[in-house]
Every structure is written in structure tokens, then in C-alpha cells.
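Reading through the C-alpha cells given below for one structure.
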Amino acid sequence: MNSFLYTLGIYLLGIGMKIASFFHPKAKLWIRGRKGVFQKIEREISHNDLVIWMHVSSLGEYEQGLPLLIALRKKFPEYKLAVSFFSPSGYEVVKNKCFADFLFYLSLDTPSQAKKLIELLHPSYTIFVKYDFWYNVLQALISKNIPTIFISSVFRPDQVYFKPRGKWFVSILKKVTHFFVQDNNSKTLLNSIDIQQVTISGDTRFDRVKMLLKQNNYLDWLSIFKENSTLIVAGSTWKEDDELLKNFINSTFFTNCKILIAPHNMNVDYFQRLRAEFIPKTLLFSEIKDKNPADYQILILDTVGILTKVYSYADISYVGGGFGKEGVHNVLEPAIFASPVIYGPIYDKFIEAVELLQYGGAVIIHNQNKFNEILVELLANKEKRIIIGEKAKEYVISKPDSVQLILDYFDKIQ
């Protein structure tokens, strides 16, 4: 592949999303959000504004970038902070509570749109979170000599940049101002393709989850639901995870506890079907106003934006995704609240999931029998729960202040 084929693929992506928007709600949001994006920028950003632009792919990357945004606000109070999203699943969640001054969808990465985007936004600094690489946008930034920084990046040997067919893309990565990577392997890989402007800074998500301890995590309805019971929180679950939960809940193993499930799938019909599969009394969060949560044993969280607070109540946490091809979701959010974390076998792409297991703060399950066995053991043994949970929290607390390392770099390039 080369830049021509890449740009052709971007055009085809745009066409494909337009077609999909007639049938798929997420695709519809993707298309609708990009309509008039340049006019929106012109209204919000004047020629005289000083701008720091952060781009994130979705909600997870926004959470990673948030600690740095907060620090940049203090360091550069005279600048406007602009944040762009690629995915509607992130944009729609934070659009009414974004920390930045200006929020928008990233325009399609064609040469003409990338050039126009950078001219209108005219950022003094640009920050990309993790590894959302857009060739034409990077080309436009570099042509304007705008400092361009990647933070919390992770690189793997199987990525195209480290193969002969990826040399065309490497040429633009070499011109990135600086990479802040999560681990030594990523640094070594970048060095192997002659990219030397690399610092190992860890993951800003650790900074973010440490902040969760300082926020008000009280939820009255959850306090009522939990009462004096041992609470299992199952977050970001997929169908495979829900099947494990269903079989456990409908068995004789399910006793002396309550379970809150927060599915990844936010489909109303899915919530209703899931509730119908449980034998014990089950309540949807959307119906909680007219009910007494204490009367129910299972609660399904059919909303977004509060899972981090929910984890603060967990005695045991199960994080979904570990049985799907994409892998396990965020294991740090339950870990910071000293909850033992359980997840499935597909986790090797996530450094924090690997390290949390090595640190003794997590347990891996491979099948239904192991799932049942671990839950029964942890429910019966409070001391073991506390030991694993404390190790989980210690793991998060032990990580360095990644944000400060990045801020120190800004002093060098001002």
C-alpha cells in the first residue's frame, strides 16, 4: 500500500459509511456528526486564538487524554483546548460534559480535508492519544511545522509499520515531533525503524484512574441495592460474558451476593432479552425510579457514564471482552478501588492486563467451570478478596506520573 491507495481507501470508507448510515445508527451518527464540521470550527476558533488540539479515537482514549488536558489547562490558561473524536461511541458520551473548550468530529482524512482542517484549527500543539494514525492529517501538520506528539502509544511487531509494505507510512512517522510510549518494547520497535524521538512515559490512564479516588463516587440507588450483600460488578460485558453470568446466576452457586451487569451492547432489546434469561429478580436501571432496588438480586445498567463510580462499590469485579477477538476492556477502573479483577483469556495485547495478573491483582478464567469456581471461592473467602484487591490497587498506585513527564517536554519545545 502507498499514500495513493491509502487515500483511495479513505474515500471508500466515506462512501461505505454513507451507505451504512441508512441501516446502522452508529454509522448515521458518524456521518451526521461530520456535516458542517468546518463551519463549526470557523464559528468556534478565530484567527487570533491560541489552540492546543488533542485527537482521540473513542471514549477510552479520551479518558487516557483527560489527565493531560486538565494539566494543560493549568499550564496554558490562555489557550483554547480542542478535542476531536473519530468514533460516535466516544463523542456522544462526552459531548455535554467534555473538559475541552471545543469538541468536534475528525473530518475524513483526505488531502484536501486534512489541509483545510489544519488551516482552520491552526493548533500551536497537536496531541494524538495512543495510536490513531491519520496519514494526510499528519502530513498537513508537519508541512506547517506544528509540534505533533503521540502519548500513551503502544507498538507491536505485527503492525504494518514494522513490515516492508509499511515503509511509505514510516516516512511520515519519522517526522512526528515526539512519541511517549507505554513500554520499552514499543521504544525498541520504533528505534528499529530509525525513529529515535521516543520517551518511555507509561500510560496516562493510570493518572486518570488515580483521579477516580478523589471524585465523589456515592450513588444512593446502588447503596440501597447492595445493602450488606457482597456485590459483583460485571462491566463492559459482551454476549460471551453474559452467557457465563447467566449460567452462574441461574445455578445453585448463586447465593449470598448481588450482581450488577453493565453490558457493552447498549441496545434496548438486548437489555430486555438479557433480563428475561435470569431466574432471580432483575431490575433495569432505567426503571429504578419506581422500584425499591433492595428487592432485587440482579441489576442491569442500561445507561452510560457511571460505571467508574459503580466499580467503587464492587467487592469482586468481572471485566468483559476477554472472550472476544478485541480482548478485555479497562481493568484499571475496578483495580484502583481495591477490587479483585476477573477476566477472560484474551488480554495479551493490553500491557496493564498482563501486568495486573503478574502483580497478583487479577484472576484469569477460561471457561464456565473456572468462572464458577473462582466466584464461589472469592464469595466465600473475604480475606482472599481483600488480599487480591489490595494488590490490584497497589499495582495502579505504583505507576509513575506520566502526565508530568509529558508536561516537562512541553517546556523544551515552547
Side-chain angles (χ1 to χ4, degrees), residues 10 33-34 36-88 90-91 93-95 97-153 172-173 175-180 197 201 204 208 402-403 406-407 409-414:
I10 293 294
R34 284 166 171 80
V37 67
F38 292 135
Q39 291 88 338
K40 184 178 180 181
I41 295 173
E42 285 183 295
R43 288 194 302 268
E44 298 290 337
I45 304 294
S46 75
H47 295 295
N48 298 321
D49 283 332
L50 295 170
V51 178
I52 297 175
W53 170 36
M54 177 180 285
H55 173 69
V56 300
S57 176
S58 193
L59 183 60
E61 289 76 19
Y62 172 76
E63 291 289 340
Q64 273 181 297
L66 186 57
L68 181 58
L69 279 177
I70 293 170
L72 289 171
R73 171 77 76 204
K74 295 178 182 177
K75 188 175 184 65
F76 300 107
E78 71 276 21
Y79 281 72
K80 277 191 173 181
L81 301 181
V83 171
S84 61
F85 276 84
F86 176 77
S87 169
Y91 181 96
V93 171
V94 304
K95 64 182 180 182
K97 55 179 180 180
C98 183
F99 182 80
D101 300 297
F102 174 49
L103 185 69
F104 64 102
Y105 277 97
L106 184 71
S107 55
L108 208 59
D109 189 33
T110 64
S112 60
Q113 291 204 33
K115 182 180 178 182
K116 188 170 184 180
L117 171 66
I118 302 310
E119 286 177 350
L120 292 174
L121 202 57
H122 58 81
S124 298
Y125 306 99
T126 298
I127 301 157
F128 290 85
V129 179
K130 208 165 185 181
Y131 39 51
D132 214 27
F133 301 111
W134 297 105
Y135 183 86
N136 292 311
V137 168
L138 287 174
Q139 191 83 270
L141 286 165
I142 290 163
S143 70
K144 296 282 189 181
N145 295 314
I146 297 169
T148 303
I149 300 165
F150 281 82
I151 68 167
S152 297
S153 296
I172 199 69
L173 293 184
K175 297 176 183 178
V176 167
T177 309
H178 207 84
F179 289 91
F180 288 92
Q197 64 279 22
S201 63
T204 52
R208 172 56 180 155
S402 179
V403 168
I406 299 167
L407 285 181
Y409 180 77
F410 272 86
D411 291 332
K412 298 177 183 178
I413 60 175
Q414 276 184 272

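All values below were derived from every heavy atom in this structure, side-chain atoms included, with hydrogens, water molecules and symmetry-related copies excluded. Since the structure is predicted, the reported quantities are computational estimates derived from the model, not experimental observations.
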Which residues pass the salt bridge (Lys or Arg N to Asp or Glu O under 4.0 Å) test with Lys115, sequence neighbours left out?
none
Please find the pair of heavy atoms, one from Ala82 and one from Phe104, that lie closest to each other, and give the distance.
CB-CE2, 4.2 Å
For Phe99, ring-ring contact (aromatic ring centres under 6.0 Å, His included) partners two or more places apart:
none
Are any non-hydrogen side-chain atoms of Ile41 and Leu117 less than 4.5 angstrom apart?
yes
Flag, side chain of Thr204 to backbone of Ser152, donor-acceptor distance under 3.5 Å:
no
Under the side chain to side chain contact (heavy atoms under 4.5 Å, CB included) rule, what do Leu81 and Met54 come out as? Steps first, then yes or no, please.
CA-CA 8 Å; Leu81 301 181; Met54 177 180 285; over 6 Å; no
Look at the side chain of Ser402 and the backbone N and O of Ser201, then say whether any donor-acceptor pair between them is shorter than 3.5 Å.
yes
Under a 3.5 Å distance rule, please check whether Lys80 uses its side chain to pair with a backbone N or O of Glu44 as donor and acceptor.
yes
Check for a donor-acceptor pair, side chain of Glu78 on one end and backbone N or O of Leu50 on the other, with a separation under 3.5 Å.
no
Would you list the pairs meeting side chain to side chain donor-acceptor pair (under 3.5 Å) in which at least one residue belongs to residues 59-69, sequence neighbours left out?
Glu63-Arg208, Gln64-Asp203
Using the salt bridge (Lys or Arg N to Asp or Glu O under 4.0 Å) criterion, which residues pair with Lys75? Sequence neighbours excluded.
Asp411
I need the Ile413 CD1 to Ser124 OG distance, nearest 0.5 Å.
10.5 Å
Quick one: sort the Tyr125 and Phe410 rings into parallel, tilted or perpendicular, breaks at 30° and 60°.
perpendicular
For Phe85 against Arg34, the heavy-atom pair lying closest together:
O-NH2, 3.9 Å
With a 4.5 Å limit on heavy-atom distance, are the side chains of Arg73 and Asp101 in contact?
yes
All ring-ring contact (aromatic ring centres under 6.0 Å, His included) counterparts of His178, not counting sequence neighbours
Phe180, Tyr409
Please lay out, stage by stage, how Thr126 and Leu121 fare under the test side chain to side chain contact (heavy atoms under 4.5 Å, CB included).
CA-CA 10 Å; Thr126 298; Leu121 202 57; over 6 Å; no
Name the orientation class of the two ring planes belonging to His55 and Trp134 (parallel below 30°, tilted from 30 to 60°, perpendicular beyond 60°).
perpendicular
Quick one, Thr177 and Gln197 - any side-chain contact, counting heavy atoms below 4.5 Å?
no
Of the non-hydrogen atoms in Trp53 and Ser84, which two are nearest, and what is the gap between them?
NE1-OG, 2.9 Å
Please report the closest heavy-atom contact between Val403 and Leu68, naming both atoms and the distance.
CG2-N, 3.9 Å
Minimum heavy-atom separation for Ile10 to Thr110, with atom names?
CG2-CG2, 3.9 Å
Side chains of Tyr131 and Ser57: does their closest heavy-atom pair fall under 4.5 Å?
no
Just so I know, are the side chains of Leu120 and Ile45 near enough to count as touching, which here means a heavy-atom distance under 4.5 Å?
no
Taking the side chain as C-beta and beyond, is there a heavy-atom pair between Pro67 and Ile70 under 4.5 Å?
no
Closest non-hydrogen atom pair between Ile151 and Ile127, with its separation:
CG2-CG2, 3.9 Å
Please report the interatomic distance CZ(Phe128) to OG1(Thr148), rounded to the nearest 0.5 Å.
6.5 Å
Please list every donor-acceptor pair under 3.5 Å in which a side-chain atom of residues 138-145 meets a protein atom from a residue at least two apart or in another chain.
{"residue": "Gln139", "atom": "NE2", "partner": "Tyr135", "partner atom": "OH", "Å": "3.3"}
{"residue": "Ser143", "atom": "OG", "partner": "Gln139", "partner atom": "O", "Å": "3.4"}
{"residue": "Ser143", "atom": "OG", "partner": "Ala140", "partner atom": "O", "Å": "2.7"}

